[in-house]
Protein chains: 2
Amino acid sequence: MSRSKPTIDDVARMAGVSRATASRVINNAPGASGPLRVRVHEAVARLGYRPNEAARALASGRPRVVDVIAVSCNLPGGWLGSNPYYSRVLAGMMPLLEGMGAQLRVHALSHESAAEALDEIAAGVTLGAVLSDITPALAARFHRRCRRVVSLVPTAATVPAMVADNIGGAYTAVTRLHRLGRRRIAAIHGPAISTCAADRRIGHLRAVQRSGLADISADAAFTREGGYDAAQRLLAQHPDLDAVFVACDLMAAGVVQALTAHGRRVPEDVSVIGFDDSVAAICANPPLTTMRLPVEEMAAAAVRLLVSGDISPGHRELFPAELILRQSTARMSKVGPGIAGS
Amino acid sequence: MSRSKPTIDDVARMAGVSRATASRVINNAPGASGPLRVRVHEAVARLGYRPNEAARALASGRPRVVDVIAVSCNLPGGWLGSNPYYSRVLAGMMPLLEGMGAQLRVHALSHESAAEALDEIAAGVTLGAVLSDITPALAARFHRRCRRVVSLVPTAATVPAMVADNIGGAYTAVTRLHRLGRRRIAAIHGPAISTCAADRRIGHLRAVQRSGLADISADAAFTREGGYDAAQRLLAQHPDLDAVFVACDLMAAGVVQALTAHGRRVPEDVSVIGFDDSVAAICANPPLTTMRLPVEEMAAAAVRLLVSGDISPGHRELFPAELILRQSTARMSKVGPGIAGS
DNA sequence: GCTATCTGTGAGAGCGCTCTCGCCCGTATC
DNA sequence: GATACGGGCGAGAGCGCTCTCACAGATAGC
């Protein structure tokens, strides 16, 4: 008995059929049938045969790999830093891929190496690529090289995308603060390079204009420190602020820390709403009300589109943001422990 | 001009050399040289040639894929939940893999599907697998099927592993609390199924015995809610506690929330130390002192071992935990804003 | 009973690459 | 100048699989 892995020829020999028939049975393609199917299956089981994926990919030309590409444009500290967003993206894709026997390949690219690396990936044998973090320029370039691409972040209109309703989400958040009776509502926005940040900024502005409020806002990096510092600045300029809309939870956690350090109570004195519904939101003290994006669903939809194959330039689907109520916007009366809704 | 991707034959033809020579140059193997190398490189550049990975893997038999396997045994809410730990694992591996042109394949398995899935993966063509979350039993089973395995979590002695010094880390944390003058030190441990949790429990116990302190402890799930509830229970039974060692930051964030809700100030009344140095630690209010594990380094070391090939059963390397000081254990005097050390 | 139409099966040609082997040519050795 | 050696190079045989195609054998139509 040979020490090496059994091949489809071994299976065919054992089953007493040709390699072609064995292949047909294994891929349950039509044209093989009856007792032969049984015999082949028996042989597979007895030999513990597993198809060699590389050979399959080579012979069929039909890949079974989905690439996930992240070019960190938002986050300092390098890719994936400690951002659970990527975890959610992967988590959304895995069950689907697992189910169809496809594999997931992760590419983390620095901004500098991205251009060449994208070419490399585009040339690869892949079902397609999910862009989970990328600048519009790079996304467009990538799409030009490789049509089978779906972006999870806003990009040029030609690139197929699953886009989250960042504008609507920000609008909802600010409106919520207004309904809570807040009138000095500040906003802390993310860096301009991020299209998500830009959209959230637009949503905020619309809500502010619609409500006839002053536009009190500051920019910051998408980090806890960014939020902390921005809150301090805002507090210095507008000591009377009574609510803060923050463009991401990580920043929002820093905002809450800054407010506490400056003697403001959350939510009694200042209401805070974050964005993303990340771990940062539940770990902040008090836990943060936030806008949740259906990241898992978006990632899954991206995979489905990729696999379906009929992916046209400009295809896009919009996913709404959901308001998750926690203590940072609780009404004044009773502030119970835990993550109670308001 | 053909619409399809250029192959190595196209390169060879354009460079006026044989396929073998082209291959030698592309893989910069010895035996090709001088002007030919230049010509081949030129042809590659002109054609935009990229080797087909599937064909490479098939022909060489030498795979260029590293599998990362996570069977969620710790986390509720499914795989990867929102746990940045996985992000750190991936982040640690990516630069290395990217550098050697290898790919990373992610497998997220549920506990039920794991057994068969592991067999499937073991049969695949892979440089090896990094087990980032798995029970000892499954890890051992996997190691039996596929020798090229490195675990990042404690397992049976035969399975090669990069192990974090959870025992020492917990010991350090508790000792720190003791040195701070705390004498009623409580601990909140993770679920028994997790070997990390078990080790942290051992470290805590050693420190407690060594310091002659009482063993005040509670068990909880590795979640914010788990920490919150456990802290409440502990507080009810031991209202005089003045420090809490918590087996993970996510729980610790909940602990801080519970302490605050019950009128305890952190760190003035109660010192808190978490574990992992995750996002949860910096988002908690106040930010948490915590034990940091060199997860990225461990993951990178795992890849290096896998690639080196000389991976013997029982191989293991120990990685120390590092104390990261933040406000939750700051000395009473001045509690400045931000993440100041103590 | 003969050609036409199936369906089930096997032979065999690749997929794009790596790698062994042997050839050729240049230099060292006698 | 003939023999040995060695390094650069090309020919060609696979790697394990898929898939086309041709060929049997069975059924149908005239």
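Chain letters run A, B, ... following the sequence lines, proteins first, then strands; residues in each count from 1. For clarity, every value in this text was computed on a predicted model and none was experimentally measured.
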With [X], which residues qualify under side-chain hydrogen bond (donor to acceptor under 3.5 Å, both in side chains), at least two apart?
X	answer
A:Thr155	none
A:His315	A:Glu317
A:Ser23	A:Asn27

Go through the structure and list residues passing salt bridge (Lys or Arg N to Asp or Glu O under 4.0 Å) with [X], not counting sequence neighbours.
X	result
A:Arg56	A:Glu53
A:Arg13	A:Asp10
A:Arg19	A:Asp9
B:Arg316	none

ask   = With A:Leu104, which residues qualify under side-chain contact (heavy atoms from CB on, under 4.5 Å), at least two apart?
value =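 Residues passing side-chain contact (heavy atoms from CB on, under 4.5 Å) with A:Leu104: A:Val68, A:Leu90, A:Met93, A:Met94, A:Leu97, A:Val106.
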inquiry  = Just to verify, what does A:Pro313 make a side-chain contact (heavy atoms from CB on, under 4.5 Å) with, not counting sequence neighbours?
reply    = A:His143, A:Arg147
ask   = Going 5' to 3' on DNA chain C, which nucleotide is the first and which the last to come under 4.0 Å of a heavy atom in chain B?
value =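 Answer, 5' to 3': C:dG16 to C:dC19.
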inquiry  = For B:Ala22 and A:Asp9, find the nucleotide of DNA chain D closest to each by heavy atoms; which residue's nucleotide sits nearer the 5' end?
reply    = B:Ala22
task = Could you tell me, to 10°, how much the axis swings from one end of the helix from C:dC2-D:dG29 to C:dC30-D:dG1 to the other, five pairs per end?
result =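 Roughly 50°, once rounded to the nearest ten degrees.
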Sort me out a list of protein N/O and nucleotides 19-28 of chain D N/O pairs below 3.5 Å, or just none if empty.
| from | atom 1 | to | atom 2 | distance (Å) |
| --- | --- | --- | --- | --- |
| D:dC19 | OP1 | A:Arg62 | NH2 | 2.4 |

query = What pair of heavy atoms forms the shortest contact from B:Cys196 to B:Val153, and how long is it?
reply =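 Taking B:Cys196 first and B:Val153 second, the nearest heavy atoms are SG-CG1, 4.5 Å.
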